[in-house]
Amino acid sequence: MSRRVVVTGLGAVTPIGIGVEAFWQGILEGKTGFAPISRFDATGYKCRLAAEVKDFQPEQYMDRKTARRMELFSQFAVAAAGEAIADARLVMEEEDPYRVGCSIGSGVGSLQAMERECGRLAEKGPSRVGPLFVPLMISNMAAGNVSIQYGLKGKSLNVATACATGTHSIGEAFRAIQYGDADVMVAGGAEGAISPIGIAGFSSLTALSDSTDPERCSIPFDKDRSGFVMGEGAGVVILEELEHAKGRGAHIYAELLGYGTSSDAYHITSPEEDGSGAARAMQNALEDGGVKPEALTYINAHGTSTHHNDLFETRAIKLAFGAHAAHLKINSTKSMVGHLLGAAGAVECITCVKELEEGYLHRTVGLRETEGEMDLNYCMESYREEVPYALSNSLGFGGHNACILLGRM
């Protein structure tokens with residue numbers, strides 16, 4: 001019999017606040033993190049807005065020498081993990097370190113390191129490429145650096161499934177605990193891809209919003225949506241076997257009940273048009289958690305603000321839930337923080353945990369009017385409402401679908 005898994009710690013670095021308290025206050029206020037790009041001169045780019053993390057000082061979370069040996073996505077991961085571990089009051093000296101693992105993914109790793117070192121290669125030759133280029137750039141270094149920083153010697157994973165990375169990372173950590181590979185997992189996602197090649201690449205793909213209005217750029221499910229807004233940051237949760245958590249007197253936020261996955265096997269960027277792949281992932285998560293579809297009342301949608309995603313995800317929800325879809329409340333956290341790519345699902349998991357804890361469902365900020373088939377309740381307003389479960393969706397380029405089901409304790 002598989003073991004029960006609970007959430008005992010939260011950590012977040014986001015465009016609307018660093019730390020879970022600041023992030024959640026931003027959620028309650030309907031705050032958005034969209035502004036003109038400041039990391040580089042975006043003149044001439046189709047997209048000139050992003051959701052950047054403000055006032056992040058890595059030296060507050062690690063020593064300066066350590067920080068210099070990490071790219072931004074790893075720094076975000078270490079900061080969020082540190083907060084989550086402290087929040088869980090997890091004392092590593094009191095744990096078997098080989099029973100505490102790490103599952104923190106990144107969708108792309110460091111594009112900044114690639115840009116910097118490719119420039120050196122082109123301008124000065126191969127001998128001038130930095131010796132730390134590879135360990136700075138590769139996406140597994142979020143998990144690697146977190147494990148090193150906090151002494152986590154158990155299972156260490158880096159899941160890279162594009163925009164589904166954070167949710168897959170948490171789901172795989174859930175499985176590791178369920179089946180006895182670990183007692184505690186530090187899990188989530190991290191991303192820092194607001195760079196010239198990142199913005200140019202996603203713009204060329206026509207995935208990014210070309211809006212210059214911060215209030216009308218990331219507007220999931222709105223008829224005027226034109227693409228997503230690139231965000232950055234990290235979300236990390238502490239997952240723990242229930243009896244282990246009880247044994248050390250940990251505060252339990254919520255229970256992770258189910259994990260569902262599927263592949264569209266359809267297209268490298270577009271979700272399957274009828275939504276059948278995402279629908280199966282949702283159904284799998286509910287079945288895994290032993291929850292009937294009609295018992296679910298809330299979904300935190302992938303909700304990217306692209307034409308295809310929002311339409312096809314709506315179709316997926318209708319396919320998975322039938323007539324009950326009309327009774328669901330559906331929102332998108334990306335309406336406030338943008339799309340954090342590999343970190344998106346992790347930050348949205350934290351959102352779900354807080355919503356369950358506080359009986360509050362946030363509105364989809366900026367949503368004014370839907371269209372056509374998009375006729376569900378996408379939370380144009382917030383709700384003070386206790387819900388028993390939260391289902392969080394993540395859908396990644398390549399057809400990767402991942403869903404996690406959380407329940408109140």
>> For a quick test of reading the model, state the closest non-hydrogen atom pair linking Ser110 to Phe73 and the distance between them.
In response: N-CE2, 3.6 Å

>> Check this for me: does any side-chain nitrogen of one of Arg4 and Glu255 sit under 4.0 Å from a carboxylate oxygen of the other?
In response: yes

>> Before you tell me yes or no, could you show the steps for His302 and His339 under ring pair (Phe, Tyr, Trp, His ring centres under 6.0 Å), namely the whole-Å CA-CA distance, both residues' side-chain angles and the distance that decides it to 0.1 Å?
In response: CA-CA 9 Å; His302 190 53; His339 195 343; 5.3 Å; yes

> Between the main-chain N or O of Glu355 and the side-chain N or O of His362, is there a donor-acceptor pair closer than 3.5 Å?
Replying inline: no

> Taking the six-membered ring for Trp, are Tyr253 and His251 parallel (under 30°), tilted (30 to 60°) or perpendicular (over 60°)?
Replying inline: perpendicular

> What closest approach, in Å, do Val237 and Ile350 show between heavy atoms, and which atom pair accounts for it?
Replying inline: CG1-CG1, 3.8 Å

> How many angstroms lie between OG1 in Thr14 and CG in Leu340, if you round to the nearest 0.5 Å?
Replying inline: 7.5 Å

> If you measure from the Lys or Arg side-chain nitrogens to the Asp or Glu carboxylate oxygens, is any gap between Asp288 and Arg175 under 4.0 Å?
Replying inline: yes

>> Check this for me, if you would: do Glu95 and Lys153 make a salt bridge, where the nitrogen-to-carboxylate-oxygen distance has to be below 4.0 angstrom?
In response: no

>> Does this structure show an ion pair linking Glu386 with Arg408, if we count only N-O contacts that are shorter than 4.0 Å?
In response: yes

> Is it true that Lys354 and Glu357 make a salt bridge, defined as a side-chain N closer than 4.0 Å to a carboxylate O?
Replying inline: yes

>> Minimum heavy-atom separation for Pro271 and Asn309, please, with both atom names.
In response: CG-CA, 4.3 Å

> Would Lys155 and Glu172 pass as an ion pair if we require N to O under 4.0 Å?
Replying inline: no

> Could you walk me through whether Phe40 and Tyr45 pass the ring pair (Phe, Tyr, Trp, His ring centres under 6.0 Å) check?
Replying inline: CA-CA 11 Å; Phe40 61 92; Tyr45 286 70; 5.3 Å; yes

>> What verdict does the side-chain hydrogen bond (donor to acceptor under 3.5 Å, both in side chains) test give for Glu287 and Gln283, after you've listed the backbone C-alpha separation in whole Å, the side-chain angles of each residue and the deciding distance to 0.1 Å?
In response: CA-CA 6 Å; Glu287 183 177 351; Gln283 290 166 336; over 6 Å; no

>> What verdict does the ring pair (Phe, Tyr, Trp, His ring centres under 6.0 Å) test give for Phe76 and Phe56, after you've listed the backbone C-alpha separation in whole Å, the side-chain angles of each residue and the deciding distance to 0.1 Å?
In response: CA-CA 9 Å; Phe76 287 158; Phe56 178 75; 4.9 Å; yes

>> Rounded to the nearest 0.5 Å, what separates atom CG in Leu90 from atom CG in Leu152?
In response: 8.0 Å

> Can we say Glu240 and Arg248 salt-bridge, meaning some charged N sits less than 4.0 Å from an Asp/Glu carboxylate O?
Replying inline: yes

> Would Thr304 and Thr306 count as a side-chain hydrogen bond (donor to acceptor under 3.5 Å, both in side chains) if you check the C-alpha gap in whole Å, the side-chain angles of each, and the deciding distance to 0.1 Å?
Replying inline: CA-CA 6 Å; Thr304 61; Thr306 63; 3.0 Å; yes

>> Using every non-hydrogen atom in the two residues, find where Leu328 and Asn377 come nearest and quote the distance to one decimal.
In response: O-CB, 3.5 Å

>> What I want to find out is whether Glu385 reaches Lys329 closely enough, with some N-O distance under 4.0 Å, to be called a salt bridge.
In response: yes

>> Tell me whether Arg48 is salt-bridged to Asp210, with the criterion being a basic N under 4.0 Å from an acidic carboxylate O.
In response: no

> Are the charged groups of Glu348 and Lys334 less than 4.0 angstrom apart, N to O?
Replying inline: yes

> Ion pair present between Arg3 and Asp183, side-chain N to carboxylate O less than 4.0 angstrom?
Replying inline: yes

> What heavy-atom pair brings Cys102 and Met185 nearest, and what distance separates the two atoms?
Replying inline: N-CE, 3.7 Å

> Pick one: which of Ile238, Val184, Val146, Val236 meets side chain to side chain contact (heavy atoms under 4.5 Å, CB included) with Ile85?
Replying inline: Ile238

>> Walk me through whether Arg116 and Glu71 qualify under salt bridge (Lys or Arg N to Asp or Glu O under 4.0 Å).
In response: CA-CA 12 Å; Arg116 183 177 65 246; Glu71 288 292 316; 2.9 Å; yes

>> Please verify the inter-ring angle class for Tyr259 with Phe174; under 30° counts as parallel, over 60° as perpendicular, anything in between as tilted.
In response: perpendicular

> Where the side chain of Thr351 meets the backbone of Val347, is there a donor-acceptor pair that is under 3.5 Å apart?
Replying inline: yes

> In terms of ring plane angle, is the pair Phe228 and Phe202 parallel, tilted or perpendicular, where the classes change at 30° and 60°?
Replying inline: perpendicular

